[in-house]
Amino acid sequence: MNEIFHTEQIAQMEISDEYSLSKSSENLESESLTKQNGYNLDEVWGDSTYMDSFTSDYHIDQKLHQFANFESLDDLYLDIISPPIQSFDDEIINRGNGEFQDSEVVESENKRLHVLPSTSLEILTKYGSRLRSLNRGKINVERYRTDCNRNGSRTLSTETIIRLAAEEFIQSSSQSSCELSVLSHPYASAISGQVEEDFKELKLLRNLLSCAEKVGEEKYERARRLLLECDKMSSSTGNPVERLAFYFIRALYEKIDRETMKFKGKTLADPQEVLKSPKTTQIAFHKLLPLSQIAKFAGFQAIVEHVEESRKIHIVDLQINNGLQCTILMQALASRVEHPLEYLKITAVGTNSRPMIEETGRHLTSFAQSLSLKFLFNVVVVDDILDLNEKLFDLDEDETIAVYAEYVLMNWIARPNCLDKLMQLIRTLNPCVMIVCEVEANCNSPIFVERFVEALFFYGAFFDSLADCLKNDDENRMAAESTNFSSAIRNIVATEGDERKIRHVSIDVWRAYFARFGLFEVELSMSSIYQANLVLKNFMCGDSCTLDTKDKSLVIGWKGTPLSSLSAWKFQRRCLY
């Protein structure tokens with residue numbers, strides 16, 4: 001297996017006022033990139049000895065998956081379609097009131113055991129199956145029961161607490177369905193082991209689930225009274241469960257106000273813009289959370305392999321942000337011995353933020369100079385994605401193009417004509433490979449309760465990762481939770497129609513969509529998987545991050561809950577669209 005990237009091949013050299021490059025002579029770790037504002041590659045990437053291991057042993061399977069035709073991503077929002085919502089008993093509001101017993105309970109005891117007590121049980125059971133698949137077998141609840149986070153406390157994982165709360169919630173629906181829920185729910189046996197300190201969190205999340213059920217049934221006054229109880233137990237500065245509930249409670253308040261025509265708050269800012277964290281927060285998360293580095297290293301390893309014989313390389317980055325991911329590719333190409341590089345060109349595409357993109361270009365140009373790498377940086381900014389066309393790109397006939405799309409395609413799900421336009425443009429560019437990193441969640445259901453449950457699990461795992469990797473009072477953590485995540489949760493939970501812009505879908509949905517444009521998935525190499533595993537070894541909390549291959553993609557999760565997917569794609573000669 002030939003190595004493409006060797007750290008020791010890059011000589012120590014001075015850089016301009018924007019960046020400087022240095023090397024450790026003792027352990028030959030990754031080069032440090034120092035900027036005037038004080039951050040460098042060692043600080044950004046951590047102890048990134050895994051940067052030395054970019055390799056080129058890659059075998060491509062060109063078998064195209066066949067998918068059913070559909071009109072839009074909304075047609076494939078979830079793996080299942082659930083029956084209408086059924087009622088749950090609300091012990092908080094009216095203890096002992098039999099008004100909300102399951103009206104669908106059949107008279108026969110034998111038949112009763114085969115009837116799901118509610119839609120929520122089906123949703124949670126489906127989610128449990130998905131989680132077990134990610135971990136290649138039955139989930140070991142005990143593995144994450146006593147994790148020690150950055151703050152020194154030992155507690156159940158947030159995902160586990162949500163499941164236990166859901167089990168108690170399901171059991172309370174009716175006495176007649178209790179036996180079924182205990183037997184069928186994947187986490188039933190864990191309830192007997194819960195500890196005193198977790199009772200508050202269990203009660204909080206159980207009430208939150210009950211409130212969501214009431215909202216789904218349009219019982220808004222009952223839901224509002226439940227929220228008052230939840231509010232007393234939540235906190236924006238508490239443990240992960242309390243913080244998670246805090247933002248979901250506010251989203252539910254807004255949902256109720258919107259549905260009852262009482263909403264007088266400010267219209268939500270574009271959540272896609274809010275999700276763009278300040279550069280300091282991006283760098284902090286990139287440095288301290290393994291999720292970001294896994295996608296970047298594994299993704300650019302795949303690009304390196306697809307352009308390993310090319311002399312003119314053109315990367316089209318659909319959301320470049322601070323450009324940290326590009327430094328991986330630049331160092332790999334600068335160390336290449338065979339097939340000397342004539343130039344590396346990066347085109348950053350966006351619909352706003354030209355000054356920020358241009359600043360990123362200046363940093364990358366300075367870094368390229370330190371590597372003696374001929375580098376070109378172009379900016380394509382349009383007012384609307386529909387204005388994109390091939391003429392805006394500086395293309396050379398004999399250059400090799402690769403497209404990198406990290407958490408960007410999901411921004412256009414709410415505008416399918418824009419997403420189609422973007423895919424048609426990419427097809428026209430004819431890249432050798434397109435690397436896609438997207439959120440691995442199903443938050444695009446038109447059914448409120450399904451969307452709520454999916455979002456609760458997804459953000460629960462994300463809040464858990466923040467607690468494990470960052471201090472409780474970390475400024476970047478608190479800023480991200482109160483702005484980025486809060487805005488996304490509000491948009492998913494409280495809005496409908498065109499206002500709902502955050503519409504995460506799973507890799508299975510993307511596969512079906514990409515097939516329309518003649519794209520077929522290629523398997524990520526063992527080298528890419530190796531890069532992902534090396535990243536995890538560099539983090540104290542790396543054991544909590546789960547990796548699994550789903551068909552030909554890599555699914556990245558936290559304590560078993562899927563959070564993102566990484567996949568590689570090529571175009572057929574003839575487009576299916």
Side-chain angles (χ1 to χ4, degrees), residues 4-5 54-60 62 295-321 323-336 339-350 357 360-361 364 368 373-380 388 390 392-409 422-438 510 514 517-525 527-528 531 552-554 565-573 575:
I4 290 179
F5 182 64
F54 270 52
T55 52
S56 59
D57 186 12
Y58 190 70
H59 301 283
I60 300 176
Q62 297 186 343
K296 288 175 171 57
F297 271 95
F300 270 89
Q301 169 67 36
I303 289 180
V304 167
E305 292 164 354
H306 281 83
V307 302
E308 61 181 346
E309 296 183 1
S310 304
R311 297 178 183 271
K312 298 179 181 180
I313 299 173
H314 186 175
I315 306 299
V316 177
D317 196 319
L318 300 182
Q319 187 164 277
I320 197 165
N321 290 324
L324 291 173
Q325 66 276 9
C326 299
T327 63
I328 306 171
L329 178 65
M330 295 167 77
Q331 292 183 80
L333 295 177
S335 65
R336 194 166 72 176
H339 312 292
L341 187 69
E342 292 188 30
Y343 67 74
L344 168 65
K345 182 192 302 179
I346 293 179
T347 296
V349 179
I357 296 175
T360 295
L364 292 176
L373 185 71
K374 185 174 181 181
F375 178 70
L376 304 171
F377 187 83
N378 297 325
V379 179
V380 175
L388 276 179
E390 185 182 5
L392 298 174
F393 293 79
D394 179 19
L395 303 176
D396 192 327
E397 289 185 359
D398 58 347
E399 68 184 8
T400 301
I401 299 175
V403 174
Y404 184 71
E406 183 178 4
Y407 303 120
V408 63
L409 298 181
L422 182 60
M423 293 304 303
Q424 290 166 359
L425 171 68
I426 295 172
R427 169 73 188 185
T428 302
L429 296 177
N430 192 28
C432 68
V433 68
M434 180 172 73
I435 302 300
V436 176
C437 182
E438 282 293 346
W510 286 116
F514 290 156
F517 297 89
L519 277 165
F520 65 96
E521 191 173 7
V522 294
E523 189 170 3
L524 292 171
S525 71
S527 297
S528 289
Q531 289 293 329
K552 297 180 180 180
S553 65
L554 176 67
S565 64
L566 181 72
S567 55
W569 301 84
K570 286 190 172 187
F571 284 98
Q572 298 182 93
R573 292 185 177 180
C575 182

Before giving the answer on side-chain contact (heavy atoms from CB on, under 4.5 Å), spell out for I401 and F393 the whole-Å C-alpha distance, their side-chain angles and the decisive distance to 0.1 Å.
-> CA-CA 11 Å; I401 299 175; F393 293 79; over 6 Å; no

Any donor and acceptor pair, going by atom type alone, linking the side chain of [X] with main-chain N or O of [Y] inside 3.5 Å?
X    : Y    : result
T327 : G323 : no
T360 : N321 : yes
K345 : D394 : yes

With sequence neighbours excluded, tell me which residues meet side chain to side chain contact (heavy atoms under 4.5 Å, CB included) with [X].
X    : result
L341 : I313, L333, R336, L344, L373
D398 : K312, D396
A402 : I303, I315, C432, V433

Which distance, rounded to the nearest 0.5 Å, do you find between the [atom1] of [X] and the [atom2] of [Y]?
X    : Y    : atom1 : atom2 : answer
K570 : N430 : NZ    : CG    : 10.5 Å
S527 : Q301 : OG    : CD    : 5.0 Å
T347 : I357 : OG1   : CD1   : 11.0 Å
L519 : M423 : CG    : CE    : 4.5 Å
R427 : F571 : CZ    : CZ    : 6.0 Å
I426 : L409 : CD1   : CG    : 6.5 Å

Option from Q325, Q531, E406 for which side chain to side chain donor-acceptor pair (under 3.5 Å) with K296 holds |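 Among the candidates, only E406 passes.
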
Report the residues that fulfil side-chain hydrogen bond (donor to acceptor under 3.5 Å, both in side chains) with S553, sequence neighbours left out, ordered by chain and then residue number.
->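 Checked S553 against side-chain hydrogen bond (donor to acceptor under 3.5 Å, both in side chains); matches are R511.
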
Determine, stepwise, if the pair F375 / I346 fulfils side-chain contact (heavy atoms from CB on, under 4.5 Å).
-> CA-CA 8 Å; F375 178 70; I346 293 179; 3.6 Å; yes

Contact check, side chains of [X] and [Y], non-hydrogen atoms, under 4.5 Å:
X    : Y    : value
R311 : P340 : yes
V304 : I328 : no
S528 : L554 : no

Taking all non-hydrogen atoms of both residues into account, name the closest pair between [X] and [Y] and its distance.
X    : Y    : value
A568 : I435 : CB-CD1, 3.7 Å
Y404 : A295 : OH-O, 4.2 Å
Y343 : E399 : OH-OE1, 2.7 Å
V380 : L392 : CG2-O, 3.4 Å

Which of parallel (below 30°), tilted (30 to 60°) and perpendicular (above 60°) describes W569 and F514?
->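 Perpendicular.
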
Begin from the C-alpha positions of V403 and L318 and carry the test side-chain contact (heavy atoms from CB on, under 4.5 Å) through to its verdict.
-> CA-CA 8 Å; V403 174; L318 300 182; 4.1 Å; yes

Determine, stepwise, if the pair L364 / I320 fulfils side-chain contact (heavy atoms from CB on, under 4.5 Å).
-> CA-CA 11 Å; L364 292 176; I320 197 165; 4.1 Å; yes

